[in-house]
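Let me begin by presenting the structure, written as structure tokens, before commenting on it.
No experiment lies behind these values; they were computed from the predicted model shown. Per chain, numbering begins at 1; letters A, B, ... match sequence-line order.
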Amino acid sequence: MIKLNNVSKVFFPHTPNEVLALNNINLHIKPGDFITVIGSNGAGKTTLLKVISGAETVNEGRLTLAGKDITACPEHERAADIGRIDQNPLAGTAAEMTIEENLALAFLRGKKRGLGQAVNESRRQCFRQALAETRLGLEKRLQAPVGTLSGGQRQALALVMATLALPKLLLLDEHTAALDPQAARQIMALTAHLVQTKNLTTVMITHNMEHALRFGNRLIMMHRGRIILDLAGEEKAQLTVPQLIEKFSAASGEDFADDRVLLETVHQNNVVA
Amino acid sequence: MEMVLISGLQQGLIYGFMALGVLLTFCLLGFPDLTVEGTFPLGAATTATAVMEGFDPIPAVLLGAMAGALAGAATGLMHTKLKVNNILAGILTTSGIYTVMLWAMGRPNISLLNKEDFFTQVLALCGITSGELSLRAMQISIILILFLMVAAARLLLGWFLRTDLGLTIRAAGNNEKMLSALGVDVNQTKLLTLILANFLVGLSGALECQLQGFADVGLGIGVLVAAIASVILGIMLFGRRSLSWLLTGVILGSILYRGLLALGLWLKLPAENFKLVTAVLVLIVLTLPNISVFNKKAAPRSNADALAQQGPIN
Ligand SMILES: Nc1ncnc2c1ncn2[C@@H]1O[C@H](COP(=O)(O)OP(=O)(O)OP(=O)(O)O)[C@@H](O)[C@H]1O
Ligand SMILES: [Mg+2]
């Protein structure tokens, strides 16, 4: 599906602030993969997704999508094949436009836009159907401005928008991190549902180790711009959170430096105990 | 008093095209397009020059509007291709236009006295000889013609902004990054909007030239602030409840603003103060809390949203 060959990304090159965000990444995402990505703060996870979606350009290396070299393609030319959701619920939707207008924009993802009516009855039908899957009742509020929705509702809408036109690849960047626990659970359930029913190839960054293990068929761990662990199949399925943290220390030579992950782990252990 | 009404309506309708253009760029696209100050006199100068060259008034007005569109394209290309800051791009175009106008007209102003004007020609097309009309009937005919034109522009824009292509304009003003991630070349959207908006502003200038019977390179001074004042008036009085209200509102705002100016003149208020008064009023309105006219963010729903709004999506 998509291949990254020796991809490197440097911010502020040749200055004292130089950051090597991606350090010679090689990754082959296969059709049907659901990859979860974890890693310490600043490991380069977000940068990896941005480089794939075209929101950032690479300094070195090549990207190919279904055999086609897309290294030089700007984001809007890759959009037909790639849907991406950000951690910020405000980033994926247009606040002053209605739900149906937002969906109409997503309906023609990557296609030519002409002078046809953006919202007509047949499209509305399709929007209602797609929204009904969120189970949030959004299908009854097609004309509501998106700015009046809660963060969770907006993220659900963003998810519907990202998947409406069936992209080849879905990129999720901690898309539940800014939500309260209940909304986060709903969005995760919706994500799993959409990925499964639409059979979407997916890469999902998460700070929740338990999510990283529970979802997907493959797990990638990043540290300082490198992929330090890539587990799939049985090996991933058998893994537990403490084992994962151990593997991280062994592979990186450091403790897992992420407050949120540690807190969540402690919290889970307390719940278990 | 009747003159106040006539002048307010005529000027308000003519500047209504400009208000629509300013609404497109400033409010919907979120692009502070200063080209307007150059496009307006350019529309007038182009029309006047064309008439002097022997063009009929109707095609001459069309040429004026197209010259405006070209100026919009210049600003748009500077911004999108050469990455010039949006305000600076408008300033550069405006400055260039000044020279182009002098060069085209050969002098700072042209009087079209004794030339057939746009309105006479339109009436002639309808089988009406304007020579036979009383002055009053002529003034009312002009208002009717302008009204039909503005109404047509309003309806066309309302339709266009609801098409797949038109939707991208509002989306670009709302959330540029999202639009790009949905496969739209945002630069093209900006270019298209600037062309469209400045076509309207050019048309405004062309019609003003035909109504007044002259063109002057200085015609554009202060028109942007006036247009912004009209747009604000429209939004304050008729709200941003819906796109339809927004479009109709700014035209009504323009009529109201021009009406107030005409009233001021009739009351013999010192005209030289109007621009300063307008500027101060616009400033006051913009600094009033909770009147989000050019601030496109809706009121935050919660503290979390308020915090998030300070994030990078601005
Ligand atoms: N636009 C940018 N300009 C400069 N430096 C950047 C930019 N984006 C990311 N970086 C730097 O690149 C490195 C990787 O950042 P990235 O956002 O990819 O990390 P991350 O793994 O997503 O971290 P987190 O878990 O905190 O979200 C960091 O050191 C960051 O400071
Ligand atoms: Mg990140």
Side-chain angles (χ1 to χ4, degrees), chain A residues 50 53-55 74-98 100-102 104-120 123 143 145-151 153-154 158 161-162 164-165 167 171 178-180, chain B residues 27-30 80 156-190 192 196 240-243 246 292-314:
Chain A
K50 284 190 173 168
S53 72
E75 183 179 27
H76 63 90
E77 282 176 23
R78 302 184 198 182
D81 298 319
I82 302 179
R84 186 166 75 92
I85 301 192
D86 200 271
Q87 163 177 345
N88 182 345
L90 304 181
T93 47
E96 288 216 336
M97 301 172 78
T98 62
E100 59 185 11
E101 285 168 341
N102 271 272
L105 286 165
F107 188 81
L108 289 188
R109 166 186 293 282
K111 296 208 186 75
K112 230 184 118 43
R113 288 160 207 262
L115 296 178
Q117 279 293 294
V119 179
N120 56 31
R123 280 193 190 174
Q143 265 112 28
V146 168
T148 63
L149 303 184
S150 73
Q153 289 169 326
R154 276 182 85 157
M161 286 170 66
L164 192 64
L171 305 175
L179 307 178
D180 62 77
Chain B
C27 295
L28 298 183
L29 184 66
T80 58
L156 268 173
L157 260 188
W159 163 78
F160 175 67
L161 288 171
R162 289 188 179 88
T163 64
D164 283 315
L165 187 62
L167 215 54
T168 61
I169 292 180
R170 280 193 294 149
N174 250 248
N175 191 343
E176 210 174 292
K177 281 187 185 152
M178 174 202 78
L179 194 59
S180 169
L182 290 176
V184 175
D185 184 346
V186 179
N187 281 339
Q188 271 183 19
T189 305
K190 288 183 180 172
L192 173 76
L196 202 60
R240 22 194 328 141
R241 271 166 286 180
S242 70
L243 190 62
L246 211 53
S292 64
V293 175
F294 290 97
N295 167 19
K296 295 191 301 356
K297 301 287 172 295
R301 292 189 74 253
S302 67
N303 287 338
D305 276 7
L307 277 180
Q309 284 202 346
Q310 290 159 10
I313 64 151
N314 301 323

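Among the candidates A/P145, A/G114, A/A165, A/P167, the residue making the largest number of heavy-atom pairs closer than 4.5 Å to chain B is A/G114. For the options A/T93, A/V119, A/I82, heavy-atom pairs under 4.5 Å to chain B are most numerous at A/T93. If you tally non-hydrogen atom pairs under 4.5 Å between each of A/L105, A/N120, A/N102 and chain B, the highest count goes to A/L105. Contact count against chain B (heavy-atom pairs under 4.5 Å) is highest for A/M97 among A/R78, A/M161, A/K111, A/M97. The residue among A/A118, A/A162, A/A79, A/A94 with the most heavy atom pairs within less than 4.5 Å of chain B is A/A118.
Two residues are said to be in side-chain contact when any heavy atoms from C-beta on lie closer than 4.5 Å; B/L161 and B/L28 meet this criterion. For the pair B/L192/B/T168, no side-chain contact is recorded, criterion being any heavy-atom separation below 4.5 Å from C-beta on.
Remark: side-chain polar atoms of B/R162 are paired, donor with acceptor, to backbone N or O of B/G158 under 3.5 angstrom.
For chain B, the nearby parts of A/A106 are the backbone and the side chain; heavy atoms of each come within less than 4.5 Å. Only the side chain of B/L179 comes within contact range of chain A, judged by heavy atoms closer than 4.5 Å. Both the backbone and the side chain of A/R109 come within less than 4.5 Å of a heavy atom in chain B. Interface remark: A/E101 contributes backbone and side-chain atoms alike to the contact with chain B (heavy atom separation under 4.5 Å).
If you take CG on B/L29 and NZ on B/K190, they are separated by 7.0 Å, rounding to the nearest 0.5 Å. The structure places CE of B/M178 at 12.5 Å from CD1 of A/I85, a figure rounded to the nearest 0.5 Å. Remark: B/S242 OG to A/Q143 CD distance equals 11.5 Å, nearest 0.5 Å.
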Between A/R113 and B/L182, is a side chain to side chain contact (heavy atoms under 4.5 Å, CB included) present by the stated rule, with each step listed?
-> CA-CA 11 Å; A/R113 288 160 207 262; B/L182 290 176; 4.3 Å; yes

